[in-house]
Amino acid sequence: MALPALIAPLSGVADILRGDRGGVAKLGHATNAGLIASFVIPALLVLAPYAYLTGQRFESMGIDPDPAEMLLIEPLAYIVGWTLFPVVSHIYCQRLGHTRDWYDYIAAYNWANVLQMALYFPAAILYELELAPGLLFVVSVAVVSAAIAIHFKIARVALRVEPLPALVLVAMDLALSLTQSRIVERLYS
């Protein structure tokens, strides 16, 4: 029963990435419960790999956080990470005149995060294995490029916008993510 709830939306994302806006119908976000599920289910699917990447971040920062501090900061950062961009993108989409399409876009964006994590996580494992630095650099560039391309295509197709507004959304997402990361890092120092 749970498998179709995962396969259908991911299939919809694949359709959107091929340029077929009909994939939006597979996201299951047409009802209030479906819209909520398009936030909750991807967030739960991405949680374990996110926790692993958080551990890698602590290691690269050279910190050993206090467990109480970590249990306060990290869940809050995770929730903010899943809500900040949707709020800001909604405001931007209103200004573009695509308020109705935003619901399609944000559902696709959230499910695409599952696909993007499927790219990031293996790359993080490769990094941990400390394989050839040149290969790791190429893999890192390819993964980040693919993630940006995925977000760009999702914006173009789901919102039905030209390239520039789609690029603005990608840039906003990157800027918000970097800002949030910096704030979280400062909370630990």
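A quick note: this is a predicted structure, and the numbers were derived from the prediction, not measured. Atoms considered below: every heavy atom in the structure, side chains included; atoms not considered: hydrogens, waters and symmetry mates.
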Trainee: Could you tell me if the side chain of I91 sits less than 4.5 Å from the side chain of M172, heavy atoms only?
Mentor: no
Trainee: Do the side chain of S89 and the main chain of P86 share a donor and acceptor less than 3.5 angstrom apart?
Mentor: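 Yes; judged by distance alone, with no hydrogens or angles, the pair exists.
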Trainee: Other than V144, what residues sit in its cluster of Ile, Leu, Val, Met, Phe, Trp and Tyr side chains whose heavy atoms are under 4.5 Å apart, directly or through others?
Mentor: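 V144 clusters with I148, F152, L167, V170, L174.
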Trainee: Do the non-hydrogen side-chain atoms of L169 and I154 ever get within less than 4.5 Å of each other?
Mentor: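 Side-chain contact under 4.5 Å: no.
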Trainee: Rounded at 0.5 Å granularity, tell me how far OG in S11 sits from CH2 in W111.
Mentor: 11.5 Å
Trainee: Per the side chain to side chain donor-acceptor pair (under 3.5 Å) rule, which among R21, H98, R160 passes with D104?
Mentor: R21
Trainee: Is it true that a side-chain atom of Q56 and a backbone atom of A124 form a donor plus acceptor pair closer than 3.5 Å?
Mentor: yes
Trainee: For the residue pair Y92 and P165, establish whether any side-chain heavy-atom pair is separated by less than 4.5 Å.
Mentor: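 Y92 vs P165: side chains touch.
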Trainee: Would you mind reporting whether H151 and Q116 have side-chain heavy atoms less than 4.5 Å apart?
Mentor: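 Sidechains of H151 and Q116: in contact.
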Trainee: I'd like to check L27 versus I16 (side-chain heavy atoms, cut-off strictly below 4.5 Å). Are they in contact?
Mentor: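 A side-chain contact exists here, since the closest heavy-atom pair is under 4.5 Å.
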Trainee: Indicate yes or no: at least one non-hydrogen side-chain atom of L159 is less than 4.5 angstrom from one of C93.
Mentor: yes
Trainee: Determine whether L136 and S140 make a side-chain contact, defined as any pair of heavy atoms from C-beta on separated by less than 4.5 Å.
Mentor: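 Side-chain contact under 4.5 Å: yes.
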Trainee: Run the ring-ring contact (aromatic ring centres under 6.0 Å, His included) test against F58 and tell me which residues pass, sequence neighbours left out.
Mentor: Y188
Trainee: If hydrophobic clusters are built by linking Ile, Leu, Val, Met, Phe, Trp and Tyr wherever their side-chain heavy atoms come under 4.5 Å apart, do L187 and L72 end up in the same one?
Mentor: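 Each belongs to a different hydrophobic cluster.
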Trainee: Once rounded to the nearest 0.5 Å, what's the spacing between atom NZ of K26 and atom CG of D15?
Mentor: 3.5 Å
Trainee: Side-chain polar contacts of residues 33-55 - donor-acceptor pairs under 3.5 angstrom, sequence neighbours left out - could you list them?
Mentor:
residue	atom	partner	partner atom	Å
S38	OG	L35	O	2.6
Y50	OH	E74	OE1	3.4
T54	OG1	Y50	O	2.9

Trainee: Just wondering, do Y105 and H90 contact through their side chains at under 4.5 Å, heavy atoms?
Mentor: no
Trainee: Within the distance-only criterion (no hydrogens, no angle test), does the side chain of Q94 pair as donor or acceptor with the backbone N or O of T99 below 3.5 angstrom?
Mentor: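 Side chain of Q94 to backbone of T99, a donor-acceptor pair under 3.5 Å: no, none is there.
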Trainee: Answer yes or no: does atom CD of E128 have more than 12 heavy-atom neighbours from other residues, nucleotides or ligands under 6.0 Å?
Mentor: yes
